[in-house]
Amino acid sequence: MIRDARVLQPEFVPRDIVHRTHEVNTLTAALEPVTNDIQGETTLLYGPSGTGKTCIARYVTEQLHEGVLDLNSQYVNCWEDYSRFKTLYRLLEGINRTMNVHRQSTPKDELLERLRDYEGAPYVVILDEVDQLEDKRVLYELNRTKDLTLILIANEEQELFEPLQPRLTSRLQTATRIEFDRYTTDELVEILKPRVRWGLPEDAIRVTQLELISEAVAGDARVGLEVLRVGARRASQRGLETISDEIIYDAAPKAKAEIRQRNVEILTTDQRILYDIITEHGKIPPSDLYKEYRDRTDDPKSDRMVRNYLSKMERYNLVRTEGENRGRTYHSVS
DNA sequence: CATCCACCGGAATCACGGGTTG
DNA sequence: CAACCCGTGATTCCGGTGGATG
């Protein structure tokens, strides 16, 4: 049933952006100096997930490539490359300066040096999930690097700056802020329409059903697309030509579960054990959790490490915490 | 009310593996 | 070859917090 799977992928960047014109224009304006070979303004895109932050950042950068002959750009997901070293390494990759940086054992700040020594075309850098960066001082360092134009993406701007000293944030505070709100039902329908047109056969799904999806996912475009994919797969499994309401009702929770499942799959064995314990209990106080974890594994990690795992899993949206200090309990997300 | 202590999370330090250097 | 460097995960140590206890 799926004609073109690519357009239903969350990382697909459409040729035309519907809505978000204000955001696109603001970002384009901030990057405008790059067309004159000058460093652009640092921008900060923030808002809930599935509101088009990454998509717009990539879209505007691609447009820039079309208008400017000489331009480098690189996308870094700080969730995957969360250490200072990995982030810097990716940035060097983007300008092919990694040779001789044999991963490790190079003098301590060789990477940043190299980045700063670079004198070439303007370099536009998208740092996604930037709040996941463990050492945020690297932002300050990058912000001070000439000819580097930063696009920072985060869920909440507050969380990003909280752990930073005021001294470090001052330079970043001047960044152009672009806030992304949740899509309304109508907006999300308009976003899904062209994807359906390219990705699915004609008449596979009606507009009223797109509305159904948009409401079910509360304006989260990523989950909305996932529902479309899951729904299309279901329909073809059942040999149907169209996606029915019933399939959508069915697919909505399934889509969310699949997104979570992908995160579960990248957990380590110890993290997985913790995850299983919490899902089995539904809700469990810390001491019981630590104890049961130790029972279930031959070579348990320290409690401190368990806490690291748990906070990581919380950021992955795999577990939820309730209460502070002594009253804390860990919950599964249902 | 004072004390206790379960819990969190920052910081310093260690251990290890992969890499280079001399 | 040994000696050394580096990043990363893990451990150890510990101060802060605030509900529970007497």
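Order of the sequence lines sets the chain letters (A, B, ...), proteins ahead of strands, with each chain counted from 1. Just so you know, these numbers come straight off a predicted model, no measurement behind them.
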Novice: Distance check, rounded to the nearest 0.5 Å: D186(A) atom CG versus I191(A) atom CD1?
Specialist: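 Output value for this atom pair is 11.0 Å.
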Novice: Would you give the length of the straight line joining atom NE2 of H22(A) to atom CD of E179(A), rounded to the nearest 0.5 angstrom?
Specialist: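 Output value for this atom pair is 10.0 Å.
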Novice: Should Y89(A) be listed as having a side-chain N or O under 4.0 Å from OP1 or OP2 of dT8(C)?
Specialist: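 Negative; the distance criterion is not met.
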Novice: With a cut-off of under 6.0 Å to the ring centre and 45° to the axis, is R20(A) in cation-pi contact with F180(A)?
Specialist: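 Because its charged atom misses either the 6.0 Å distance or the 45° angle limit, R20(A) does not stack over F180(A).
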Novice: Any N/O pairs under 3.5 Å between the protein and nucleotides 10-13 of chain C? List them or say none.
Specialist:
unit_1: dA10(C); atom_1: OP1; unit_2: Y309(A); atom_2: OH; d: 3.4
unit_1: dA10(C); atom_1: OP2; unit_2: Y309(A); atom_2: OH; d: 3.2
unit_1: dT11(C); atom_1: OP2; unit_2: S302(A); atom_2: N; d: 2.9
unit_1: dT11(C); atom_1: OP2; unit_2: S302(A); atom_2: OG; d: 3.0

Novice: Could you tell me how far apart K312(A) (NZ) and dG9(B) (P) are, to the nearest whole angstrom?
Specialist: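 Those two atoms, NZ and P, are 15 Å apart.
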Novice: For D135(A) and dC6(C), give me the distance from atom CG to atom C1', rounded to whole Å.
Specialist: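 It is 16 Å, rounded to the nearest whole Å.
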Novice: If you only use heavy atoms from C-beta on, which nucleotide in dG9(C), dG16(C), dA20(C) is closest to the side chain of Y82(A)?
Specialist: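 When the side chain of Y82(A) is considered, dG9(C) is the closest of dG9(C), dG16(C), dA20(C).
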Novice: Counting only heavy atoms not in E119(A) (residues, nucleotides, ligands), do more than 12 fall under 6.0 Å from its CD?
Specialist: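 Open: at most 12 neighbouring heavy atoms sit under 6.0 Å from CD of E119(A).
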Novice: Please state how far atom CG in L289(A) lies from atom P in dA6(B), giving the value in whole angstrom units.
Specialist: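 That distance rounds to 16 Å.
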Novice: May I ask you to say what S83(A) touches in the nucleic acid, namely base, sugar-phosphate or nothing, with a heavy-atom cut-off under 4.0 Å?
Specialist: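 Answer is sugar-phosphate: S83(A) comes under 4.0 Å of backbone atoms only.
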Novice: Closest nucleotide of DNA chain B for L310(A) versus for R326(A): which of these residues is on the 5' side?
Specialist: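 It is R326(A), whose closest nucleotide lies nearer the 5' terminus.
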Novice: Just checking, R296(A) and Y293(A): is the charged tip under 6.0 Å from the six-membered ring centre and within 45° of the axis?
Specialist: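 Geometry flag: not set, cation outside 6.0 Å or 45°.
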Novice: Separation of L88(A) atom CG from dG7(C) atom P, in whole Å?
Specialist: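 Whole-Å distance recorded here is 10 Å.
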Novice: Are side-chain N/O atoms of R90(A) and Q74(A) paired as donor and acceptor at under 3.5 Å?
Specialist: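 Judged by distance alone, the side chains do not pair up.
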Novice: Is a donor-acceptor contact shorter than 3.5 angstrom present between the side chain of R328(A) and the base of dC8(B)?
Specialist: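 Absent.
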Novice: Please report the distance, rounded to the nearest Å, between OH in Y290(A) and C1' in dG9(B).
Specialist: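 Those two atoms, OH and C1', are 10 Å apart.
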Novice: Nearest whole angstrom, please: distance from the C1' of dA11(B) to the CD of E134(A).
Specialist: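 One finds 13 Å between C1' of dA11(B) and CD of E134(A), rounded.
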